[in-house]
Amino acid sequence: MANIAAKRIKREFKEVMKSEEVAGGTIKLELINDSWTELQGEIAGPPDTPYEGGTFLLEIKVPETYPFNPPKIRFMTKIWHPNVSSVTGAICLDILKDQWAAALTLRTVLLSIQALLSAAEPNDPQDAVVAKQYREDIELFNLTARHWTNAYAGGPTAIWEFNQKVQVLLDMGVEEDQARVALSTFDWELERATEHLFS
Amino acid sequence: MAESNDVIDLTKSFSFPMYNNNCSSNIIIDLDTDDSFCIEADILLDAPTPSLPSAAVAKSPLREPSESITIVTPSSTRKQPKLKKKLLNRKSVSPSPLAAKPGKKKFGGCPICWDELGKNPLASTKCGHVYCMKCLQEYLKVEKKCPTCRQALKGSSAYHPLYLS
Ligand SMILES: [Zn+2]
Ligand SMILES: [Zn+2]
């Protein structure tokens, strides 16, 4: 790994470890390999959002050319959010793309991703299906996001009706993630989700 | 702030775009509050903790947990889901150790490599941001923009050496 990149990441790692966010338990950063090219981030779902109480893991890959190019970051924990792909975890956030600046850091990026959970931007979606639900039925979106937080991120709020519908599909032999995506996509209408899965 | 080369620039020179994800949107940069060069030691005594992006502060779980239970009301066609909310166990937040780090450094760090400024030959951009000469030159091979404020840096007047003595 390039000299600057490794040096920067080491220093940033130290900075994050000393940060008040780590002390307060709202973000975490872990090293995945010894060459400082891969890290794992963790952010707490912000309060007063459907993500509250959930813990979201992020895959962080540091390019050879860091900090001249941004780190590659995606959600490893599945999440229902207009700016995150419900399938791949890819994030649409400008500072991870063309608005990256070398003076930004892993800490500021993690905080920005956390802030994105508080303030979605449905008009510039990563996941068009999620964004559509967000715009058209925010109440259902919130319940769905809360359900995903419960199912994948350890969130406290189980949505009974949703769990039951997922179970119906599981009993039909559908894989769990697939069942959840289909139901979420079709506004939890079991019939349409089933039709989609078996057509 | 001046002594902690770890936090320079990142806290005050940027306004974080919280939800303008479009890659065509702009970061708003405040060039005037770059405090990389404040030398006064007294500033350090009561240095504020690095400010977070505003949206992050507003929504951050760092604030006091609320005691209230939120009831999510589903639409009439849905059954009332059973909601149970567990409050996160949050430790009180201690002041950032970064804010009051002791040391003798005067100029903070290079925003690219985080080395202390002055350790390596320096360069200043035409927008007034200072880096190690070699860091800036490396960066300009990748992108002809200031690594801090993203102002275009093209041509021979884009940056110049900076001598401290
Ligand atoms: Zn440098
Ligand atoms: Zn600049």
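Keep in mind that this is a model prediction, so the values were computed, not measured. Throughout, protein chains are lettered first and strands after them, A, B, ... in sequence-line order, and every chain is numbered starting at 1.
Note on A/Ile91 and A/Val129: same hydrophobic cluster, where clusters join Ile, Leu, Val, Met, Phe, Trp and Tyr whose side-chain heavy atoms are under 4.5 Å apart, directly or indirectly. Placement of A/Leu140 and A/Ile159 within a single hydrophobic cluster is found when ILVMFWY residues are connected by side-chain heavy-atom separations under 4.5 Å, directly or transitively. In the hydrophobic clustering of this structure, A/Leu190 groups with A/Val174; members are Ile, Leu, Val, Met, Phe, Trp, Tyr whose side-chain heavy atoms approach within less than 4.5 Å, directly or through other members. Linking ILVMFWY residues whenever their side-chain heavy atoms come closer than 4.5 Å, directly or via other members, places A/Leu111 and A/Phe13 in the same cluster. Under a hydrophobic clustering in which Ile, Leu, Val, Met, Phe, Trp and Tyr are joined whenever their side-chain heavy atoms come within less than 4.5 Å, directly or via other members, A/Ile32 and A/Val22 fall into different clusters.
A salt bridge is absent between A/Asp98 and B/Arg150: the closest approach of a Lys/Arg side-chain nitrogen to an acidic carboxylate oxygen does not fall below 4.0 angstrom.
Remark: A/Lys72 NZ is loosely packed, at most 12 non-hydrogen atoms of other residues, nucleotides or ligands lying under 6.0 Å away. Residue A/Asp171 qualifies as enclosed at atom CG: its count of foreign heavy atoms under 6.0 Å is above 12.
For residues 138-165 of chain B, every residue pair satisfying the ring pair (Phe, Tyr, Trp, His ring centres under 6.0 Å) rule, not counting sequence neighbours, is listed here: A/Phe68-B/Tyr139.
Rounding to the nearest 0.5 Å gives a distance of 11.5 Å between CD1 of B/Ile112 and NZ of A/Lys7. Rounded to the nearest 0.5 angstrom, A/Ile4 CD1 and B/Lys134 NZ are separated by 6.0 Å.
Heavy atoms only, all atoms of each residue included: A/Glu15 and B/Trp114 are closest at OE1-CH2, 3.7 Å. Smallest separation of non-hydrogen atoms from B/Thr148 and A/Ala103: OG1-CB, 3.9 Å. Minimum interatomic distance between A/Ala101 and B/Pro147 (heavy atoms only, all atoms of both residues): CB-O, 3.1 Å.
In this structure, the portions of B/Cys135 lying under 4.5 Å from any heavy atom of chain A include both its backbone and its side chain. Within the 4.5 angstrom heavy-atom criterion, no atom of A/Asn150 approaches chain B. Contacts between A/Gln126 and chain B at a heavy-atom distance below 4.5 Å are absent for every atom of the residue.
Here the side chains of A/Asn69 and B/Glu143 are not in contact, with every heavy-atom distance at 4.5 Å or above.
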Residues A/Arg11, B/Asp115; criterion side chain to side chain contact (heavy atoms under 4.5 Å, CB included); working and verdict: CA-CA 10 Å; A/Arg11 289 177 173 179; B/Asp115 270 351; 2.8 Å; yes
